[in-house]
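Remarks on the structure that follows.
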There are 2 protein chains.
Amino acid sequence: MSCLETLKENGLKLTPQRRLIADYFHDSGSHLTAEEIIAHVHEKMPGVNKSTIYRNLDIFESIGCVLKSESGNHVIYHHTEEGHHHHLVCIKCGKNVDCDEMLFWPVEKTLRDKYAFRVDFKHQVINGLCENCGKQP
Amino acid sequence: MSCLETLKENGLKLTPQRRLIADYFHDSGSHLTAEEIIAHVHEKMPGVNKSTIYRNLDIFESIGCVLKSESGNHVIYHHTEEGHHHHLVCIKCGKNVDCDEMLFWPVEKTLRDKYAFRVDFKHQVINGLCENCGKQP
DNA sequence: ATCGTTATTGCACCCAGTTGCAATTATACA
DNA sequence: TGTATAATTGCAACTGGGTGCAATAACGAT
């Protein structure tokens, strides 16, 4: 189901600004930073205020169209239609590798069983050292 | 070994501002937000600039005296002498429970074995639903 | 105790993201 | 097609955190 339909289902209005953001997610892969989204929207519709964009990204997140993950310095938005997975980002060389979504299942299970605490790890960004960079001191 | 000694060992100077921050960590438990630290420093030494405080917190982190964890909206600093663990924070009621440090060991192992990726999960802040809040819809 | 070096501070300004509020606009309905 | 109304936008100002740079201060050597 498209993001725009989901908006309507939640009683939200379909504004040109929202259409622009949703189209961008559909057209250009799954991972977009706030910067990229703002740049794209401004290119197509120069007057749009950044707060409108941030507010709409939050709304798309709250209706489940988009996942927001924090990667230390910046924020990444991930179109949920692309499926779930995690990211391994090397803090030295910046290499970015996708990682199976079941990585955190044992953690989720432990938290559920031992702490009665419910967590759903979706689209985490994990910083560490890749094979090459891990060898060097 | 005290933070102040560690400073010297790393060729860093022992300024009154640093002494104030280090003392605060020693005196008042392990978990402090940037806000709390700034408030405390300002109380004791009103003129200190916030950038001085942030820079010193980064330095204490880089020499291993303090761990910095990001919890979505704010940043938490944790005095490393208190031992390692993680935090479960309920997104509904805000309840905060400590959690064993070995929680992420299986994840670290998988990343090492399958992805040759090295990560050290230290003092994570995990947002989810606690037992009570998980029951209610 | 003084001095020179080098780290550190304060300042002023930047940046991404957020918020309250008045003006605007998408939509349901007549 | 026009209108009422609630959602949305743009604005302006704010927030937490960070940065480059000149002035200052800690500290080892004399």
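Nothing here was measured: the structure is a model prediction, and the numbers come from that model. Naming convention: chains lettered A, B, ... in sequence-line order (proteins, then strands); numbering from 1 in each chain. Quick note: numbers below take in every heavy atom, side chains included, and nothing from hydrogens, waters or symmetry partners.
- Rounded to whole Å, the distance from CD1 on A:I59 to P on C:dT19 is 13 Å.
- Every residue meeting the salt bridge (Lys or Arg N to Asp or Glu O under 4.0 Å) condition with A:K109, not counting sequence neighbours, appears here in chain and number order: A:D113.
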Atom pairs and distances, donor-acceptor, side-chain atoms in residues 97-104 of chain B, under 3.5 Å, two or more places apart:
residue	atom	partner	partner atom	Å
B:D98	OD1	B:H87	ND1	3.3
B:D100	OD1	B:M102	N	2.9

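- A:V125 is listed as a side-chain neighbour of A:I76, based on a closest heavy-atom distance under 4.5 Å.
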Using residues 33-41 of chain A as the side-chain source, report each donor-acceptor pair under 3.5 Å to any protein atom, sequence neighbours left out, with the distance given to one decimal.
residue	atom	partner	partner atom	Å
A:T33	OG1	A:E36	N	3.2
A:T33	OG1	A:E36	OE1	3.4
A:E36	OE1	A:T33	N	2.8

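- Here B:S62 pairs with nothing under the side chain to side chain donor-acceptor pair (under 3.5 Å) rule; sequence neighbours left out.
- A search for side-chain contact (heavy atoms from CB on, under 4.5 Å) contacts involving A:I63 returns A:T6, A:L7, A:N10, A:L12, A:F60, A:C65, not counting sequence neighbours.
- Residues satisfying the side-chain contact (heavy atoms from CB on, under 4.5 Å) test with B:K122, not counting sequence neighbours, are B:L67, B:H84, B:D120.
- Put simply, the side chain of B:R55 reaches to within 4.5 Å of the side chain of B:S51, judged on heavy atoms.
- Residues meeting the side chain to side chain donor-acceptor pair (under 3.5 Å) test with B:K13, sequence neighbours left out: none.
- Atom pair A:L7:CG and D:dT8:C1' shows a separation of 12 Å (rounding to whole Å applied).
- Residue B:R55 places no side-chain atom within donor-acceptor reach of the base of D:dG17, judged by atom type and a 3.5 Å distance cut-off alone.
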Would you tabulate the pairs of protein nitrogen or oxygen atoms and nucleotide nitrogen or oxygen atoms of nucleotides 28-30 of chain C closer than 3.5 angstrom?
none

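- Distance, A:E61 CD to C:dG17 C1': 14 Å, rounded to whole Å.
- For A:N132, there are no side chain to side chain donor-acceptor pair (under 3.5 Å) partners, not counting sequence neighbours.
- Summary of the strand contacts: B:A34 and B:L14 both lie near DNA chain D, and taking for each the nucleotide with the nearest heavy atom, the more 5' one is attributed to B:A34.
- Rounded to an integer number of Å, the gap from B:I76 CD1 to D:dG16 C1' is 15 Å.
- A heavy atom lying under 4.0 Å from DNA chain C marks the following residues of residues 35-54 of chain A, by number: A:K50, A:S51, A:Y54.
- In terms of the salt bridge (Lys or Arg N to Asp or Glu O under 4.0 Å) criterion, residue partners of B:D58 (sequence neighbours excluded) are, by chain and number, B:K68.
- The phosphate of D:dA7 (OP1 or OP2) has no side-chain N or O of A:T15 nearer than 4.0 angstrom.
- For the segment residues 16-23 of chain A, residues with any heavy atom less than 4.0 angstrom from an atom of DNA chain C are, sorted by number, A:P16.
- Summarising the geometry, the separation between CG on B:L57 and P on C:dT8 is reported as 14 Å, rounded to the nearest angstrom.
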